[in-house]
> 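The structure's right below; bear with me while I get my questions together.
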Amino acid sequence: MLSLRENISKIAVPFLGAHPKPSSLHHSTTSPPPYTDPTIIAKLILETDNPETLTRNFHTLANWTPHLVHNVLKRLWNHGPKALHFFNILDTHPFYAHSATGFDHAIDIAARLRDYKTVWALVARMRSRKLGPSPKTFAIIAERYVSSGKADKAVKVFLSMHEHGCSQNLNSFNAFLDVLCKSKRAEMAYKLFNIFRGRFRADTISYNIIANGFCLKKQTPRALEILKEMVERGLVPTLTTYNIMLKGYFRAGQIKEAWEFFLQMKRRKVGIDVVTYTTVVHGLGVVGEVVKARKVFDEMIGAGVLPSVATFNALIQVLCKKDNVENAVLVFEEMLRKGYTPNVTTYNVVIRGLCHAGNMDRAIEYMDKMKDDNCKPIVQTYNVVIRYYCDDGEIEKALEVFERMTGGSCLPNLDTYNILISAMFVRKRSDDLSVAGKLLIEMVDRGFLPRKFTFNRVLNGLLLTGARSLGGKLDIVKNIKSDYFFLSCEPLRYLHVAGCRWLQMKEAKAVNSDNKQLPFPFCFSLSFMQAVH
DNA sequence: TTAGGGTTAG
């Protein structure tokens with residue numbers, strides 16, 4: 001039966017539950033002792049439910065460094081609540097004091113959880129310790145606001161930077177424009193740009209950012225206008241400017257224009273570089289011009305520009321997509337022969353190609369081979385393999401890979417949960433549905449907000465199989481008379497009223513007609529339901 | 001985390 005990682009063997013950690021014994025600390029000279037290994041520390045945090053134990057152990061350790069803390073937080077990225085817990089434990093450490101980078105990291109995590117109260121509390125704490133906040137801090141906060149649909153809020157954040165003791169300058173202005181542009185808000189960025197370009201003395205970089213923003217939206221004519229304006233103001237385009245435009249044409253599907261632009265760049269001797277070539281190889285490849293892409297790839301060496309790993313990745317990817325995986329593997333091997341070291345992206349591309357060709361076993365082989373090149377599968381690697389197993393109906397194998405993920409200390413992300421939960425509905429087995437329920441609980445625990453669709457599906461599935469409770473954490477109460485369901489999946493509560501929709505309730509309190517709080521599970525009065533609205 | 005090239009899916 002599926003254990004869903006409940007039975008993962010506990011790793012031996014020397015300081016778990018007791019003070020470290022000095023004699024046992026230096027048993028290994030080849031690998032670093034466990035208490036300096038961020039992976040082992042992250043595992044310990046994930047597996048320890050007792051906060052006092054963690055606090056005691058972490059406070060007795062004296063070897064914390066910003067670098068170590070950073071690496072631990074990185075590994076806990078997909079478990080926001082635990083990451084913040086860890087940050088808070090060290091914040092009260094008798095000797096260790098968090099660095100500015102540590103604060104930025106924690107702020108990023110809190111913002112991703114949309115816990116803005118914590119975000120601003122951290123900003124205040126940072127300031128009181130004279131660690132910032134820096135322009136970087138505000139770029140992080142702005143980015144999170146924009147990506148959760150609060151662009152206006154992001155603008156306010158930028159404009160209020162100085163109130164938090166952080167000065168605005170051209171760099172922070174550009175960084176902020178870039179945040180807006182990368183989130184497809186080029187129009188808004190351009191408006192702001194027009195208001196402030198005089199005050200901050202907008203430069204080529206500012207214009208490049210805006211032009212790239214329009215290119216990301218496939219609005220190449222707009223991008224060109226911006227660049228024209230730039231030249232009229234006496235600023236000189238750089239190679240980056242041209243590369244932005246080139247990529248923009250390819251992205252917008254204007255292949256003829258892109259090719260013409262590339263030829264122009266060569267003719268005008270703007271000093272095309274490896275980025276230019278990589279853009280062309282990739283751009284031609286994705287529209288199926290594989291032969292031409294390969295020709296450009298071969299041409300660059302003659303032109304004295306060496307391909308980078310990214311160039312190989314581009315070629316390998318397009319061969320996988322528009323040609324044949326075997327040819328892609330040949331390029332992968334060619335790359336090795338030439339002395340290049342593949343990176344995670346290289347492996348991800350090859351693995352995806354193999355999966356797509358139905359060659360799952362070889363995909364797994366490549367996943368195992370990654371460690372030869374000193375890289376480890378990342379969450380995207382696992383997601384690809386899990387997705388293809390699910391598509392093939394190999395649910396057990398998908399779950400095996402999922403379990404292996406945690407064993408390799410890689411935390412699942414929102415995609416992973418969405419892929420797996422969807423897959424739990426194909427076989428229509430009640431066992432699968434309870435796995436879906438457990439996955440749902442787990443993702444909520446880890447700070448991911450499931451879509452209503454996901455919630456509906458899981459709940460309806462469980463109702464169909466007659467399940468009413470999953471270990472007390474996910475409970476369903478059905479009131480036949482008024483036809484509503486209640487689902488509690490702490491810390492979220494969803495209420496389904498008369499088949500309408502799920503309402504998410506945050507910090508909602510259930511009360512009866514005497515305004516007395518009811519214990520869970522309970523039945524609602526109608527007035528309460530309206531109050532929830 | 002001051003700009004451009006590789007992973008993800010239509």
Side-chain angles (χ1 to χ4, degrees), chain A residues 100-101 104-105 107-108 133-144 169-179 181-182 189 200 202-213 215-216 223 226-227 230 235 237-248 250-251 265 270 272-283 285-286 293 296-297 300 305 307-321 328 331-332 335 340 342-353 355-356 377-388 391 413-416 418-419:
Chain A
T101 320
D104 282 346
H105 210 143
I107 286 168
D108 201 3
S134 68
K136 185 180 157 190
T137 316
F138 286 98
I140 289 167
I141 298 172
E143 187 183 331
R144 294 294 163 202
N169 55 27
L170 178 59
N171 291 354
S172 55
F173 181 55
N174 283 345
F176 180 65
L177 292 178
D178 198 40
V179 164
C181 286
K182 296 262 165 68
F200 293 116
D203 61 357
T204 314
I205 294 178
S206 323
Y207 278 100
N208 283 349
I209 288 166
I210 302 285
N212 188 46
C215 282
L216 287 171
I226 304 295
L227 296 178
M230 171 176 109
L235 293 166
T238 62
L239 179 56
T240 300
T241 315
Y242 295 118
N243 284 340
I244 286 169
M245 242 7 263
L246 181 66
K247 178 75 190 174
F250 277 119
R251 193 184 281 114
M265 284 172 75
V270 294
I272 52 177
D273 65 357
V274 59
V275 175
T276 318
Y277 278 109
T278 305
T279 306
V280 175
V281 168
H282 186 252
V286 291
V296 172
F297 182 85
M300 63 189 290
V305 182
S308 64
V309 174
T311 320
F312 275 99
N313 293 350
L315 184 63
I316 291 171
Q317 191 211 147
V318 299
L319 289 174
C320 287
K321 277 191 173 163
V331 174
F332 179 84
M335 181 178 174
Y340 287 89
N343 61 20
V344 187
T345 305
T346 322
Y347 276 102
N348 286 350
V349 175
V350 173
I351 288 168
R352 175 172 295 106
C355 288
H356 196 75
I378 56 174
V379 64
Q380 285 86 347
T381 323
Y382 289 108
N383 287 351
V384 167
V385 176
I386 290 173
R387 182 188 301 272
Y388 277 94
D391 287 354
N413 67 9
L414 186 60
D415 286 340
T416 323
N418 285 334
I419 296 163

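Reminder, nothing fancy here: chain letters follow the sequence lines and each chain counts from 1.
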> Output the single nucleotide from dA3(B), dG5(B), dT2(B) whose closest atom is nearest the side chain of Thr240(A).
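For Thr240(A), the side-chain atoms sit closest to dA3(B).
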> Taking only side-chain nitrogens and oxygens of His282(A), does any of them come within less than 4.0 Å of OP1 or OP2 of dG5(B)?
no
> Using only atom types and a distance under 3.5 Å, with no angle test, would you say the side chain of Tyr340(A) pairs donor to acceptor with the backbone of Phe312(A)?
no
> Any base atoms under 4.0 Å from Thr345(A), or only sugar-phosphate, or nothing? Heavy atoms, all strands.
base
> Starting at OH of Tyr277(A) and ending at C1' of dG6(B), how long is that distance when rounded to a whole Å?
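These atoms are roughly 18 Å apart.
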> Could one point to a donor on the side chain of Thr278(A) or the base of dG5(B) with an acceptor on the other under 3.5 Å away?
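Pair found.
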> By salt bridge (charged side-chain N to carboxylate O under 4.0 Å, His left out), which residues pair with Asp273(A), not counting sequence neighbours?
none
> Just the rounded figure in Å: distance from P of dA3(B) to NZ of Lys182(A).
6 Å
> Heavy atoms only, 4.0 Å cut-off, all strands: where does Ile205(A) land among base, sugar-phosphate and nothing?
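Here Ile205(A) touches the bases of the nucleic acid.
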> Between Asn212(A) and Thr240(A), is any pair of side-chain heavy atoms under 4.5 Å apart?
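No. Closest side-chain heavy atoms not under 4.5 Å.
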> Round to the nearest Å and state the distance from Arg251(A) atom CZ to dG6(B) atom C1'.
13 Å
> With syn defined as a glycosidic angle within 90° of 0 and anti as the rest, where does dG5(B) land?
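Nucleotide dG5(B) adopts anti.
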> State which residues pass side-chain contact (heavy atoms from CB on, under 4.5 Å) with Thr101(A); sequence neighbours excluded, sorted by chain then number.
His70(A), Ser99(A), Lys136(A)
> What's the NZ-C1' distance between Lys136(A) and dT1(B), to the nearest Å?
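The answer, rounded to whole Å, is 7 Å.
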> Using a cut-off of strictly less than 4.0 Å, decide whether Lys247(A) has a side-chain nitrogen or oxygen near OP1 or OP2 of dA3(B).
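For Lys247(A), the contact criterion (side-chain N or O under 4.0 Å from OP1 or OP2 of dA3(B)) is not met.
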> Identify whether any heavy atom of Ser308(A) sits under 4.0 Å from a base atom; if not, whether one sits that close to sugar-phosphate; answer base, sugar-phosphate or nothing.
base
> When you get a sec, tell me which of dT2(B), dA3(B), dT7(B) is the closest nucleotide to the side chain of Asn174(A)?
dT2(B)
> With Thr279(A) as reference, evaluate Thr276(A), Val281(A), Val275(A) under the side-chain contact (heavy atoms from CB on, under 4.5 Å) test and give the passing residue.
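Result: among Thr276(A), Val281(A), Val275(A), Val275(A) is the only option passing the side-chain contact (heavy atoms from CB on, under 4.5 Å) with Thr279(A).
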> Using a 4.0 Å heavy-atom cut-off, does Ala139(A) contact any base of the nucleic acid, only the sugar-phosphate backbone, or nothing at all?
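The answer is base, as Ala139(A) lies within the cut-off (heavy atoms under 4.0 Å) of a base atom.
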> What is the separation between atom CD1 on Ile209(A) and atom P on dT1(B), rounded to the nearest whole Å?
14 Å
> Write down the distance separating the P atoms in dG6(B) and dG10(B), rounded off to the nearest Å.
14 Å
> Would you kindly give the CG-to-C1' distance between Leu319(A) and dT7(B), to the nearest whole Å?
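Distance check: Leu319(A) CG to dT7(B) C1' gives 15 Å.
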> Remember a base hit wins even if backbone is also touched, and classify Leu315(A) as base, sugar-phosphate or nothing at under 4.0 Å, heavy atoms.
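No contact at all - Leu315(A) keeps every heavy atom at 4.0 Å or more from the nucleic acid.
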> Would you indicate what Thr238(A) reaches in the nucleic acid, counting non-hydrogen atoms under 4.0 angstrom: base, sugar-phosphate, or nothing?
base
> Heavy atoms only: give me the nearest Val280(A)-Leu246(A) pair and the separation to one decimal.
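Heavy atoms of Val280(A) and Leu246(A) come nearest at CG2-CD2, 3.8 Å.
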> Give the nucleotide from the list dT1(B), dA9(B), dT2(B) with an atom nearest to the side chain of Asp415(A).
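Of all the options, the side chain of Asp415(A) is nearest to dA9(B).
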> Looking at every strand, decide which applies to Asn343(A) at a 4.0 Å heavy-atom threshold: base, sugar-phosphate, or nothing.
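Counting heavy atoms under 4.0 Å across all strands, the contact made by Asn343(A) includes a base.
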> Do you know which two heavy atoms are closest between Cys320(A) and Val349(A), and how far apart they sit?
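It is SG-O, 3.9 Å.
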> Between Ile378(A) (CD1) and dG6(B) (C1'), how many Å, whole number?
12 Å
> Mind checking Asn171(A) for me? I need base, sugar-phosphate or nothing, with any heavy atom below 4.0 Å counting as a touch.
base
> Could you check whether Asp273(A) gets within reach of a base, just the sugar-phosphate, or nothing at all, counting any heavy atom under 4.0 Å?
base
> Rounded to whole angstroms, how far apart are OH on Tyr388(A) and P on dA9(B)?
6 Å
> Would you state whether a donor and an acceptor, one from the side chain of Thr311(A) and one from the base of dG6(B), lie under 3.5 Å apart?
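Checked by distance alone, the answer is no.
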> Nearest to the Ala310(A) side chain among dG5(B), dA3(B), dT7(B), which nucleotide is it?
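Given the options dG5(B), dA3(B), dT7(B), the side chain of Ala310(A) is closest to dG5(B).
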> Considering every strand and a 4.0 Å limit on heavy-atom distances, what is the contact class for Val179(A): base, sugar-phosphate, or nothing?
nothing
> Check every strand shown and say whether Gln317(A) touches a base, only sugar-phosphate, or nothing at a heavy-atom separation below 4.0 Å.
sugar-phosphate
